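In what follows, a structure is listed as structure tokens, so that the remarks can point back to it.
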There are 2 protein chains.
Amino acid sequence: MDTRKRLDQIIDLLRERGNRLTPQRIAILSAFLENDTHPTAEQIHKKILKSFPTTSLATVYKTITLLKDVGEILELEFGDDRSRFDARKPYPHPHMICTECGAIIDSELDALDGIIKELAQHSGFSIQSHRLDIFGLCASCSK
Amino acid sequence: MDTRKRLDQIIDLLRERGNRLTPQRIAILSAFLENDTHPTAEQIHKKILKSFPTTSLATVYKTITLLKDVGEILELEFGDDRSRFDARKPYPHPHMICTECGAIIDSELDALDGIIKELAQHSGFSIQSHRLDIFGLCASCSK
DNA sequence: TTTGATGCAAAGTATTTGCAGACTG
DNA sequence: CAGTCTGCAAATACTTTGCATCAAA
């Protein structure tokens with residue numbers, strides 16, 4: 001979806017919920033939507049500081065919590081301490097993580113949902129969400 | 001595989017590597033192999049304290065690091081801060097995590113390896129490992 | 001004007017690390 | 001006996017939280 005359109009939609013959503021639209025919030029949200037590298041909280045903070053030099057890292061974290069609550073951002077943890085986030089596609093989809101350069105590449109696998117559903121049914125498990133991470137070397141690092 | 005047999009194999013492996021077989025190490029390793037609930041480091045530590053009351057949590061962590069290095073334990077992180085471990089099946093396989101009671105249920109999905117391999121090939125990504133986590137409610141919690 | 005949001009600093013917490021002494025091989 | 005392992009405590013580093021102040025509506 002168009003980034004600008006999505007930004008407007010999320011802003012509307014927050015307004016309807018009664019959340020205040022502070023300039024920091026909008027800047028943080030925009031930064032997440034514009035960045036397709038699955039940034040960390042700190043990377044977003046550094047970016048924001050250019051336009052709002054007094055913004056605190058705590059506010060970035062609080063905004064992330066808000067966005068998680070409304071389902072507009074996905075938190076990705078790969079066991080390297082710092083979380084990375086995906087606000088562009090905040091629904092389950094496979095990620096390929098390069099163990100050399102740290103790149104996180106989005107992927108799509110239409111068959112996955114069906115496979116998982118079937119797998120869960122056998123054990124009476126009702127699915128809420130899922131996550132598929134693939135670790136390895138990206139195209140340029142495997143050369 | 002038989003737990004006892006696997007314990008002996010890992011002990012042999014450690015011996016061959018020149019690692020010392022201290023009673024703490026063997027107790028920690030046994031505790032992991034006997035426990036099929038994907039325990040945390042602290043849960044194993046509590047268990048060990050019954051037989052070796054002076055064992056420190058640091059030693060548990062150091063042993064976990066050793067077992068990870070030799071590929072005999074898998075670390076599972078679900079974003080709830082504390083890692084959980086799977087020493088019984090230390091190779092990639094799906095896990096179903098109950099968001100209500102916290103249970104982690106092992107699963108098998110033979111087709112997954114092939115699907116992932118195909119997915120990665122399209123993007124020139126070379127796979128090292130993968131991970132599939134399914135979140136939802138287990139059979140008893142969904143009633 | 002009201003009340004939620006910000007920003008600072010301090011707290012929180014799983015895991016790691018340094019080091020002296022203990023124990024395996 | 002040599003050198004690794006243990007156990008203690010301190011350090012680490014990301015994230016959360018408390019609170020006084022600020023600003024959106």
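As the structure is a computational prediction, the values presented were derived from the model and not from experiment. Here is how names work: the chains are called A, B, and so on, in the same order as the sequence lines, proteins then strands, and each is numbered from 1.
Listed pair B:T22 / D:dT6 meets the phosphate criterion, a side-chain N or O lying under 4.0 Å from OP1 or OP2. The phosphate of C:dG7 (OP1 or OP2) has a side-chain N or O of A:Q24 nearer than 4.0 angstrom. OP1 or OP2 of D:dG7 sits under 4.0 Å from a side-chain N or O of B:T59. Close to D:dT4, at under 4.0 Å from its OP1 or OP2, lies no side-chain N or O of B:N19. In this structure, A:S56 does not reach the C:dC8 phosphate: none of its side-chain N or O atoms is under 4.0 Å from OP1 or OP2.
Nearest nucleotide to the side chain of A:R20, out of C:dA14, C:dC8, D:dA25: D:dA25. Residue A:K62 has its side chain nearest to C:dT6 when only D:dC5, C:dT6, D:dT15 are considered. Comparing C:dT15, D:dC8, D:dT16 by their nearest atom to the side chain of B:Y61 picks out C:dT15. For A:T55, taking side-chain heavy atoms from C-beta onward, the closest of the listed nucleotides C:dG7, D:dG3, C:dA5 is C:dG7.
Distance check, rounded to the nearest 0.5 Å: CZ of A:F78 to CZ of B:R131 gives 9.0 Å. To the nearest 0.5 Å, atom CD1 of residue B:I104 and atom CG of residue B:D86 are 8.5 Å apart.
Rounding to whole angstrom units, CD of residue B:E42 and P of C:dA14 are separated by 7 Å. Protein atom CG of A:D81 is 8 Å distant from nucleotide atom P of D:dT15, rounded to whole Å. Nucleotide D:dC14 holds its C1' atom 14 Å from the NE2 atom of A:H45, rounded to whole Å. The CZ-C1' distance, from A:R82 to D:dT12, rounds to 12 Å in whole Å. To the nearest angstrom, P of C:dA5 lies 10 Å from CG of A:L21. One can place CZ of A:F52 at 10 Å from P of D:dA24, the figure rounded to the nearest angstrom.
Sequence order on DNA chain C of the closest nucleotides to B:A58 and B:R15 puts B:A58 first from the 5' end. When each of B:T40 and B:P23 is assigned the nucleotide of DNA chain C with its nearest heavy atom, B:T40 is the one assigned upstream, toward the 5' end.
The side-chain tip of A:R6 does not point at the ring of A:F32 from less than 6.0 angstrom away and within 45° of straight on.
Counting only distance, with no hydrogens or angles, the side chain of B:E118 and the backbone of B:I115 share no donor-acceptor pair below 3.5 Å. Judged purely by atom type and a 3.5 angstrom limit, A:R84 uses its side chain to pair as donor or acceptor with the backbone of A:T37.
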